[in-house]
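In what follows, a single structure is set out as structure tokens and then discussed.
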Amino acid sequence: MKSILYFAAFSILAATFIFQPYQTHQAHHNSEVIATEDITKKAVEAELLHIEFEDQIIDADLIAKVKIGKLLDEFDEPSPKTLLEASILNVIKGNDPLTSIQVLQKGNSKWLFENNDILQEGSEHILFLKHTDTVEQPLTFWIYGEETGMYADLGNGLLEKAAYPAPQLRSIETVSLSQSLSSQSETGRIIQIVYEDLFIDLIETYLDNE
């Protein structure tokens, strides 16, 4: 009888050990997230205070259309970030001679920030950027406002605002396409599609009137 009990106890222990990776994986998505959820959300809310579109234009050190290059590095501390290479395609505000920069995006391969995918190599975006002010990485910028400062090039003269539609962009928005894509969004986000040339004109108008 004791042998049977010992065997049963050993089987339970072995099963626990074998499935530990799976349980750890689940914890990554459940208990660990729950345990840090309040801290993470407070940090995100503090960093994503609402920024008016005009203020983003004025405060950004660089507004440029870029082509994302290779992933250079990932960081877990003090918060998850990804360092990306980017080629400058068009400078809308900032230093014209720039040809390439490094871009810091929140999140990495383990953790996504606000469910934002890491920018993919080869994709093109208009980004609102702030300089990191580090001597070690003089050409490194972080995305100002994170997803509120990212506009993906759809390849047909249109840009997709990553999040939080701006009322200032309604006059240059293709409403029907915005509504269509929003209804298909798996995350429930309200998507805003704007004309790229008019978007650039709008930024330049704000800068001229600054």
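Values in this document were obtained by computation on a predicted structure and should not be read as measured data. Note: hydrogens, waters and symmetry copies are ignored here, and every other heavy atom, side chains too, is used.
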**Report entry** Full working for salt bridge (Lys or Arg N to Asp or Glu O under 4.0 Å) between K130 and D59
**Finding:** CA-CA 8 Å; K130 293 282 283 184; D59 294 340; 5.8 Å; no
Query raised in the report: Sub-3.5 Å donor-acceptor pair from the side chain of T205 to the main-chain atoms of D201, do we have one?
Result: yes
Query raised in the report: Under a 4.5 Å cut-off applied to non-hydrogen side-chain atoms, are I191 and E160 in contact?
Result: yes
Query - Pairwise side-chain contact, I126 with L159, heavy-atom cut-off 4.5 Å (strictly under) - result: yes
**Report entry** Pairwise distance CZ(F75) to CG(L104) - rounded to 0.5 angstrom
**Finding:** 6.5 Å
Report task. Check the surroundings of atom CD1 in I190: do more than 12 heavy atoms from other residues, nucleotides or ligands lie under 6.0 Å from it? Result -> no
Query raised in the report: In chain order, what residues pass the ring-ring contact (aromatic ring centres under 6.0 Å, His included) check against Y195, with sequence neighbours excluded?
Result: none
Query raised in the report: CD1 of I63 to OH of Y206: how many Å apart, nearest 0.5 Å?
Result: 12.0 Å
Report task. Find out if a path of hydrophobic residues (ILVMFWY) with successive side-chain heavy-atom gaps under 4.5 Å connects L84 to L89. Result -> no
Query raised in the report: Under 30°, 30 to 60°, or over 60°: which ring-plane class applies to Y151 and F128, parallel, tilted or perpendicular?
Result: tilted
Report task. For residues L62 and I101, report the shortest heavy-atom separation together with the two atoms involved. Result -> CD2-CD1, 4.1 Å
Query - Value rounded to 0.5 Å, distance of NZ in K67 from CD in E85 - result: 11.5 Å
Query raised in the report: Are any side-chain N or O atoms of Q105 and backbone N or O atoms of D117, one a donor and one an acceptor, separated by less than 3.5 Å?
Result: yes
Report task. Report the C-alpha separation of K161 and E147 in whole Å, then their side-chain angles, then the decisive distance to 0.1 Å, and conclude whether the salt bridge (Lys or Arg N to Asp or Glu O under 4.0 Å) test is met. Result -> CA-CA 8 Å; K161 193 175 190 303; E147 69 260 48; over 6 Å; no
Query raised in the report: Between S178 and I193, is there a donor-acceptor pair closer than 3.5 Å when you use the side chain of the first and the backbone of the second?
Result: yes
Query raised in the report: How many angstroms lie between atom CD of E146 and atom OH of Y164, to the nearest 0.5 angstrom?
Result: 11.0 Å
**Report entry** Non-hydrogen side-chain atoms of Q102 and T132 separated by less than 4.5 Å
**Finding:** no
Query raised in the report: Under the side chain to side chain contact (heavy atoms under 4.5 Å, CB included) criterion, do I88 and T99 qualify, and how do the steps go?
Result: CA-CA 5 Å; I88 300 290; T99 57; 5.5 Å; no
Query raised in the report: So how far is it from E124 CD to E196 CD, rounded to the nearest 0.5 Å?
Result: 8.5 Å
Query raised in the report: According to a 4.5 Å side-chain heavy-atom criterion applied to Ile, Leu, Val, Met, Phe, Trp and Tyr, with indirect links allowed, do L154 and L169 form part of one hydrophobic cluster?
Result: yes
Query raised in the report: Roughly how far, to the nearest 0.5 Å, is the NZ atom of K65 from the CD1 atom of I200?
Result: 7.0 Å
**Report entry** Closest contact, heavy atoms only, N156 versus D153
**Finding:** N-OD1, 4.3 Å
**Report entry** Under the side chain to side chain donor-acceptor pair (under 3.5 Å) test, residues paired with S123 that sit two or more places apart
**Finding:** H125
Query - Any residue meeting salt bridge (Lys or Arg N to Asp or Glu O under 4.0 Å) with K81, in chain and number order, not counting sequence neighbours - result: none
Query raised in the report: Donor-acceptor pair, S100 side chain versus A86 backbone, under 3.5 Å?
Result: no
Report task. Start with the C-alpha gap between S183 and Q179, add the side-chain angles, then the distance that decides, and say whether side-chain hydrogen bond (donor to acceptor under 3.5 Å, both in side chains) holds. Result -> CA-CA 6 Å; S183 66; Q179 292 175 343; over 6 Å; no
Query raised in the report: Mind checking whether D76 and K110 have side chains closer than 4.5 Å, heavy atoms only?
Result: yes
**Report entry** Validation row: W142, L127 side chains within 4.5 angstrom (heavy atoms)
**Finding:** no
Query raised in the report: Got a donor-acceptor contact below 3.5 angstrom from the K93 side chain to the I57 backbone?
Result: yes
Query raised in the report: So do V175 and L177 actually touch side chain to side chain, heavy atoms under 4.5 Å?
Result: no
Report summary line: Between L202 and F53, the two heavy atoms sitting closest are CD2-CE2, 3.9 Å
Query raised in the report: Would you find a donor on one side and an acceptor on the other, under 3.5 Å apart, between the side chain of D73 and the backbone of L83?
Result: no
Query raised in the report: If you look at every heavy atom in G149 and I143, which pair is closest and at what distance?
Result: O-CG2, 4.1 Å
Query raised in the report: L129, I58: one ILVMFWY side-chain cluster at the under-4.5 Å cut-off?
Result: no
